[in-house]
Number of protein chains: 2
Amino acid sequence: MVQPSLTVRKEGVGRCTKVHRNFNLEKLRNGYLFTEIARRELQHLEKYPNAKVISLGIGDTTQPIPDNISMSMANSFVVQYARALATAEGYRGYGAEQGNKELRKAIAETHYKDVLVKESEVFVSDGSQCDIARLLLVLGSNVTVAAQDPSFPAYIDSSVIVGQAGDLEDEVGKYCNIEYLECGPGNNFFPDLKGTSRTDIIFFCSPNNPTGHAATQNQLEQLVEFARNNGSIIIFDSAYAAYVTDGCPRSIYEIPGAREVAIEISSFSKFSGFTGVRLGWTVVPEELLFSSGFPVINDFNRIICTCFNGASNIAQAGGLACLSSEGLEAVHSVVDYYKENTKILIDTLASLGIKVYGGINAPYVWAHFPGRKSWDVFAEILEKTHITTVPGSGFGPGGEEYIRISGFGHRESILEASRRLEALF
Amino acid sequence: MVQPSLTVRKEGVGRCTKVHRNFNLEKLRNGYLFTEIARRELQHLEKYPNAKVISLGIGDTTQPIPDNISMSMANSFVVQYARALATAEGYRGYGAEQGNKELRKAIAETHYKDVLVKESEVFVSDGSQCDIARLLLVLGSNVTVAAQDPSFPAYIDSSVIVGQAGDLEDEVGKYCNIEYLECGPGNNFFPDLKGTSRTDIIFFCSPNNPTGHAATQNQLEQLVEFARNNGSIIIFDSAYAAYVTDGCPRSIYEIPGAREVAIEISSFSKFSGFTGVRLGWTVVPEELLFSSGFPVINDFNRIICTCFNGASNIAQAGGLACLSSEGLEAVHSVVDYYKENTKILIDTLASLGIKVYGGINAPYVWAHFPGRKSWDVFAEILEKTHITTVPGSGFGPGGEEYIRISGFGHRESILEASRRLEALF
């Protein structure tokens, strides 16, 4: 991840065309958060070439993919693909744009075994971030959008790119026409829906990135009721569902009535260490309809066929291996490993008197530094401990005073990071 | 590819939200062309369950990936990825969003060895079709678009989805606000630029899909001059460049001045049989600037980071194997195989008195049936010979009276198809 990013130039050397820059992109004032974090990490390495930097910033998995999955992937790959691709009988070209039928079935059966999700409602993708953009293409620029504040920056950035946002108001750090759903310790990380305006789309992530809070059954019931009353569509991001331990819902479809108002996006990235393999999925229930009665699934399918062409067949073979019974067992052991990391970080920070949230149902710890700017805290930690984190304000104005610390890492790095933090605070 | 496609329902069973359907998607009158072809093939198979259908429709590669590449991919995969992913030292999470540095370098050196393309200008992707949509997201809905008629349907369909087109005019089968660049035998498959209105964007594919015509050096010089005079941006699709044999340019950057007006999209799909593996790339030169002087590459990079997250690391390992010297040798032998197929089809059709174009620098034969509707010819051939082709009008109104026949197939299928066509005509 850390490599020289593109030098941003306000004006290039060349010859101007007469094509105007897209004003939606002009509205994006800053670079993408995680690119910026990678840039700062690189800058730090240039300043301290011998520093042993520990990256608890970008939520990137670090643990090996369990041996039996990787071997199964290797075998699937070698037998079904590489070797098969080299035989006339075994060669396959384009797959179904919506994904391999067996994989769609396995996702429906594994992740939605207690709720109704049909195999035909599961669309395999190259990751949630890509599906967010495709969903916004489906919905167009004339819809209104709400998102949790703080939240994963791709929701709002992609909405701005597609043209759903107004200008950025510099003083408050918010885009006009976007409804920010404040989620903090004061409201148990769930927005006050009575004071929330209706929007067409509501992005909701649980367990949440960055706060690590998993919404309760009761909270999600309120959300679904709010969407039903308003005729809104929830885009529910369950990328961290595998980390839920305390009985909170792992899917929005556990809530009665959700099929008529919710799309769910999810991913193999944090579930099975597939960040670089690129594999995810989106569920669009048949009952989800536009105001005219036209099914949303039809338009999503059209976008998948026209603007995408299916996830890599090799990545899909790997995904199928993860969902076998041995695969699942191995995957859960890795999730447990990260959860233990997170617990170590929580204990360290708490012992230092730093108030922390999250970390129980998610691999992220959300640490509060009252009265301080989060970029300053980020910079101080990096400078003094060589640890990268993510400043909370990168997730929206509601993240100010916080930093997100990731539990993805080797155990020794996490223990070393804890020692360095203890020395700092 | 052939599997039951989604049943299109005009109205679904569920409960209407208050979200209006995106009017850009409403403008798309028909399903995506290749989905429709797959649907018709399936319908035919239901009618004739014992028919030996030969698919010369969807341009899907059929030949095994050469043994040394697939073994190299398998080794790369097993050694570098699957096994390495299973070791603490070898595990890699997210890669650079723009692609693996070595692969970007290999693409620049292999495909652009005689012209200047920097490694940093190459963005690795999951295929050209996906990059078309991302480029249109970069450019926004306020740009005007031109495309060859006939042309690959994703150009115009994606433009409609992004909001760059007006309504479809049913009588002529054209969208308002899109400039159709007529390319047929009458103008040597190159548009009359004197009669062409200025647009911001010009999609141009060479060797062309579907006509199989490769634009000459002189034609491309005219195109670049036209773009420079108008301050337009060319999106040049070179997905079939590996099939050029007669000295026509394989890259737009062979034309002086192109770096300031052209983006190039390309793919491993037809070059190395990677249709299902999903790997392509886009070149955005640093000198390409918006009217304000802002570099287009900066905005493309922003979209790549925000709305995409890089191609699968495993697919990228395979791509790198293709670009080794043994890989390239093997790949070229497969390309030669398809070209021989195409020659067999050309000879057959010509011997039957059917006028054919293309096929020399491309795996597609463009066959003319004067006075006939192309969907009728398609249906007749399918019904009487069990061969799927693609009706030319699916590529735009300029494709009426034509069908596209693909040279992708096993040799025996091509010979059998030739026999069946001889029996029909």
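Per chain, numbering begins at 1; letters A, B, ... match sequence-line order.
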Relative to chain B, which segment of [X] carries a heavy atom at a distance below 4.5 Å: side chain, backbone, both, or neither?
| X | answer |
| --- | --- |
| A:I233 | both |
| A:A311 | backbone |
| A:L288 | side chain |
| A:R302 | side chain |
| A:N142 | side chain |
| A:S158 | both |

Side chain, backbone, both or neither of [X] within contact of chain A (heavy atoms, under 4.5 Å):
| X | value |
| --- | --- |
| B:N230 | backbone |
| B:T306 | both |
| B:F408 | neither |
| B:L137 | both |
| B:R259 | neither |

Compare every heavy atom of [Y] with every heavy atom of [X], then report the nearest pair and how far apart it is.
| X | Y | value |
| --- | --- | --- |
| A:A315 | B:S312 | CB-OG, 4.4 Å |
| B:S292 | A:C16 | C-SG, 4.4 Å |
| B:V143 | A:V19 | CG1-CG1, 4.1 Å |
| A:L289 | B:T17 | O-OG1, 2.7 Å |

What distance do [X] atom [atom1] and [Y] atom [atom2] have between them, rounded to the nearest 0.5 Å?
| X | Y | atom1 | atom2 | value |
| --- | --- | --- | --- | --- |
| B:L25 | A:D299 | CG | CG | 4.5 Å |
| A:S141 | B:F23 | OG | CZ | 6.0 Å |
| B:I314 | A:R278 | CD1 | CZ | 12.0 Å |
| A:F290 | B:H20 | CZ | NE2 | 11.0 Å |
| B:N301 | A:T35 | CG | OG1 | 7.0 Å |
| A:K18 | B:R198 | NZ | CZ | 6.5 Å |

Item to check | Leading residue by heavy atom contact count with chain B [cutoff under 4.5 Å; candidates A:G127, A:A154, A:A227, A:C307] | outcome: A:C307
Item to check | Partner chain B: residue of A:D200, A:D131, A:T144, A:L33 with the largest heavy-atom pair count (under 4.5 Å) | outcome: A:D200
Next on the checklist: For chain A, which candidate among B:C305, B:A133, B:G140 shows the most heavy-atom pairs at distances under 4.5 Å?
Outcome noted: B:C305
Next on the checklist: I need the residue from B:V138, B:L136, B:N24 with the largest number of non-hydrogen atom pairs under 4.5 Å to chain A.
Outcome noted: B:V138
